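Just so you know, these numbers come straight off a predicted model, no measurement behind them. Order of the sequence lines fixes the chain letters, A, B, ..., with proteins taken first and strands second; residue numbering starts at 1 for each chain.
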Amino acid sequence: MAAVTHTNEPGANRAPWLTLKYREMLEAWLFISPTFIGFLVFFLGPLVAIFYYSMTEWNLLSQQAAFVGLHNFNDALLVNPDFWHVVRNSVIFAVGLVPFNMALALTLALALSRPFFGVVFFRTVFFAPVVTSAIAWAIVWKFLLQGEGGVINQMLALVGIDGPNWLRDPNWAMAAVIVTRVIKMVGLNMILYIAALQAIPRDYEEAARLEGASRWQIFRMIIWPLLAPTTLIIMVLTTIGSFKVFDHIYQMTGGGPENGTLVLAFYIYQQGFKFFNVGYASALAIIMFVIVMALTLVQVMLRRKEME
Amino acid sequence: MTQRQINVIYRSCWTIALLIAAIPFIFPFVWMVSAGFKSTTEIFGTPTLIPREWRFQNFVDVFTYQPFARQYFNSLYIAVAVTALTLVISSLAGYALARMRFAGAGLLMLFFVSALMVPEEVTIIPNFFLIRSMGLVDTHWPLILLPTFGPHGVMATFLMRQYFLALPKELEEAGKMDGLSRFGVWWRIALPMSRPALAAVAIITFLFSWNLFLEPLIFLSSLEMFTLPLALSNFNDSYGLPLWNLQLAATSLAVVPILIVYLIAQRQIIESFALSGVKG
Amino acid sequence: MTNLLLKNIEKRFGKTEVIRGVDLVIEHGEFVVFVGPSGCGKSTLLRMISGLEDISGGELYIGNRLMNEIQAAKRGVAMVFQSYALYPHLSVRDNMGFGLKVRKVSEEERIRRVAAAAATLKLEALLDRFPRELSGGQRQRVAIGRAIVGNPAVFLFDEPLSNLDAELRVHMRSEIAALHKRLSTTMIYVTHDQIEAMTLADKIVVLRDGRIEQVGSPRELYENPANQFVAQFIGSPRMNILPAANAAMLAPNSTTPVTAKSVGIRPEHIAIVSSSESALRGKVALCEYTGAVTLMHVQLPNEQTCLVVHDKNEVPPPGSELGLIAEPANLHFFDQKGQAA
């Protein structure tokens with residue numbers, strides 16, 4: 001850096017065409033442009049396009065789309081009995097999975113939030129399925145849960161229980177899918193809860209203990225309220241996750257038996273990419289989009305009300 | 001009983017409960033490996049943890065049944081590509097969102113936040129036609145582009161943004177005074193100080209790509225192009241029934257290396273997920 | 001020779017005006033201190049000079065060159081930050097040489113200049129350490145060293161001593177003063193501490209709400225404050241402001257201007273006499289013994305408290321009645337608007 005020279009050359013005092021402020025804006029957009037362009041092409045564009053697709057009927061032979069208005073939505077909501085069956089399955093899946101997952105995650109987190117001998121072992125074990133591919137996880141459980149000769153049933157037989165053909169029995173398939181999914185994913189919520197628990201200052205608990213509060217009272221009156229924001233995030237994420245579940249179902253049951261585990265994400269895949277009902281599948285995707293958005297908003301609003 | 005004794009009993013009960021709870025988390029992995037070594041007849045016989053006869057041939061057959069080595073490599077290089085690309089673009093965009101003043105920033109943030117809540121299944125149909133019109137079906141391009149620029153990329157951007165926001169601003173200003181361009185400040189000051197966030201993004205992105213299933217299922221049709229999860233689901237006989245011992249041997253080959261890395265770096269990996277979950 | 005020229009400089013963040021038209025001339029080699037209460041805009045003004053903050057209105061010249069749209073690094077200024085802003089991943093040597101490296105100065109030259117700066121600041125022994133291994137005062141010196149290495153035309157200091165403890169602050173203050181003497185480069189220094197301002201500055205700029213209240217040497221500001229704000233901001237303890245009518249009681253020989261609304265008198269300019277010797281009487285409410293002097297809070301009949309610095313050994317006990325007197329020359333009169341009358 002040289003000492004300032006007194007420049008008197010012509011134009012030295014004129015402002016450059018690019019002011020510092022606009023230069024910063026330009027630079028910012030350059031920084032963002034890769035993400036932004038990709039976002040427009042592979043996310044926002046498709047999101048807009050799907051509304052168009054949902055109002056067309058795709059002809060496989062001519063490879064052309066005909067505009068059919070809201071026909072596909074009408075089909076889904078009023079005509080096709082499959083649709084409500086699928087929604088019912090998705091709701092059962094979510095209602096079964098979310099509370100089970102969250103309760104288990106919180107219990108494990110409470111047990112594992114403080115250091116003790118073996119805590120790292122347990123955390124590592126409970127989180128291991130999270131880093132495992134869903135397909136691999138589903139393959140192994142499908143193997144374990146076979147009807148005859150299945151490992152689980154053979155073990156049950158040792159204690160005199162005649163296990164069902166878990167994944168082929170309409171009464172059991174959904175439960176089996178939910179439970180194995182919870183085991184796969186609970187570790188993620190567990191560590192979110194552990195992080196939240198560790199962020200709570202110990203003073204609160206110690207003050208409460210000095211005042212004679214029991215463990216349950218401390219949990220109910222201090223820890224649980226302080227966890228509320230985390231619980232909300234976990235609830236939203238887990239619910240959305242449960243509506244997105246695809247690979248797990250694909251590999252374990254393929255939507256069966258008797259469409260008993262046919263959930264929305266799988267149904268969209270089936271309609272769009274197996275039966276090539278592109279318009280109908282697009283309408284389903286929009287419905288899924290609306291359901292997920294609505295659930296998120298409802299949960300956020302309920303929580304806000306509760307916290308007031 | 002003294003308080004001390006009560007505490008010991010209390011803690012023992014918890015530990016036993018946790019040990020029982022851990023069984024369904026460990027058992028599948030153990031059985032997967034064990035069954036991978038069994039013959040077709042033994043696999044359905046009386047269950048034993050240790051195979052009576054170790055059948056190493058399964059692990060050879062895996063590679064002859066389909067081009068498994070090639071598929072393994074596909075998964076690996078795609079995951080590396082997605083990770084590298086995501087690291088670059090998410091840290092660039094995250095930096096701009098954290099540090100620079102520009103028109104449209106608010107609206108952009110709103111778009112990005114909403115993207116986090118939209119499942120990939122919603123946009124997969126238009127994306128299929130888009131990729132097909134580009135002539136990229138049955139190539140690896142969609143498996144690189146869609147994860148990088150989809151909701152996962154946005155999540156990575158937010159994670160980076162959050163981390164940049166917490167860095168001391170004066171350091172970057174000192175860099176500016178020292179003569180660095182914006183790009184220079186990002187590359188030589190902001191990035192070196194963001195190693196934990198970059199590591200977190202790298203870990204979750206790699207696993208995200210490695211485990212991706214819907215996109216490969218939709219875009220890939222030739223065995224040579226398959227990625228691991230797709231290949232694993234493909235060990236069936238001509239009736240469509242699973243070839244259990246091959247499938248489990250292949251699954252072991254796919255899962256065990258990841259598990260080993262996980263066991264070595266479990267703290268770092270778990271923290272990465274905690275970070276992404278809290279920010280996402 | 002003029003080094004810096006600020007013409008009607010303005011800064012707006014959206015609709016909020018932070019700097020409202022600042023005009024200022026800074027001569028070559030001057031040590032200028034911007035001082036004022038928090039939120040007065042002193043740091044913003046410094047950052048506008050540095051180029052870290054863009055200028056919303058007006059013109060800034062450094063040397064004869066218009067700098068409004070010139071990038072920070074090209075203005076020939078160097079800045080010492082409040083938090084020192086040392087790069088944690090670089091050694092002291094690399095921290096100091098970083099700017100030269102970015103500007104592609106040859107390695108030979110770089111080594112020479114880093115060594116020279118290190119010698120000036122007695123940093124030679126620390127060159128291979130990392131910032132986290134340094135004490136607060138050492139970090140401060142490295143930050144200054146980094147600024148020196150670039151050989152700038154203007155040094156900017158943004159509250160550089162506020163992170164140090166009291167003792168170290170006094171020490172570093174004298175080091176900065178010595179540095180200025182040695183380099184005789186223009187320095188602009190921001191602080192909220194008026195003692196720092198008084199001890200370091202050739203010229204003090206008092207700011208309030210984005211406007212300059214007064215510019216002058218420390219002595220000028222102390223002896224002839226332009227208004228009540230400056231009068232009370234400069235000097236410690238604060239100047240007492242009493243109704244104008246009290247002036248004649250305090251100093252019988254003084255003449256009160258007709259426009260005067262109030263009179264200001266510094267605590268160190270009031271002497272204590274027995275209650276019969278002065279027209280202005282009060283009762284001692286509180287005595288704060290500080291060693292060299294005693295700070296006395298005297299309650300006047302109008303319920304106002306007047307501070308008096310008492311440097312005698314015998315201190316009147318609380319509750320006792322006494323009289324206050326002052327020299328006419330030490331009285332400062334202010335009009336309705338607080339301007340000097």
Inset, instruction - Could you tell me whether C:Glu53 and B:Arg101 make a salt bridge, using a distance below 4.0 angstrom between a side-chain N and a carboxylate O? - result: yes
Legend entry - Main-chain N/O of C:Gly29 paired with C:Thr186 side-chain donor or acceptor, under 3.5 Å: yes
Legend entry - Between B:Lys176, B:Glu172, B:Glu173, the one whose heavy-atom pairs under 4.5 Å with chain C are most numerous: B:Glu173
Legend entry - Residues in residues 186-196 of chain B that sit under 4.5 Å from chain C, counting heavy atoms only: B:Arg188, B:Ile189, B:Pro192, B:Met193
Legend entry - Minimum heavy-atom distance between B:Pro151 and B:Val118, given as atom pair plus value: CG-O, 3.7 Å
Inset, instruction - Could you look at C:Gln71 and say if it's the side chain, the backbone, both or neither that has a heavy atom under 4.5 Å from chain B? - result: neither
Legend entry - Engaged part of C:Leu90 at the chain B interface, taking heavy atoms whose separation is under 4.5 Å: neither
Legend entry - Separation between CG of B:Leu143 and CG of B:Leu214, rounded to the nearest 0.5 Å: 10.5 Å
Legend entry - CZ-NZ distance between C:Phe34 and C:Lys203, expressed to the nearest 0.5 angstrom: 9.5 Å
Legend entry - B:Tyr95 six-ring face occupied by B:Arg182 cation (under 6.0 Å, within 45°): no
Inset, instruction - Please work out whether the ring planes of C:His180 and C:Phe31 are parallel, tilted or perpendicular, with thresholds of 30° and 60°. - result: perpendicular
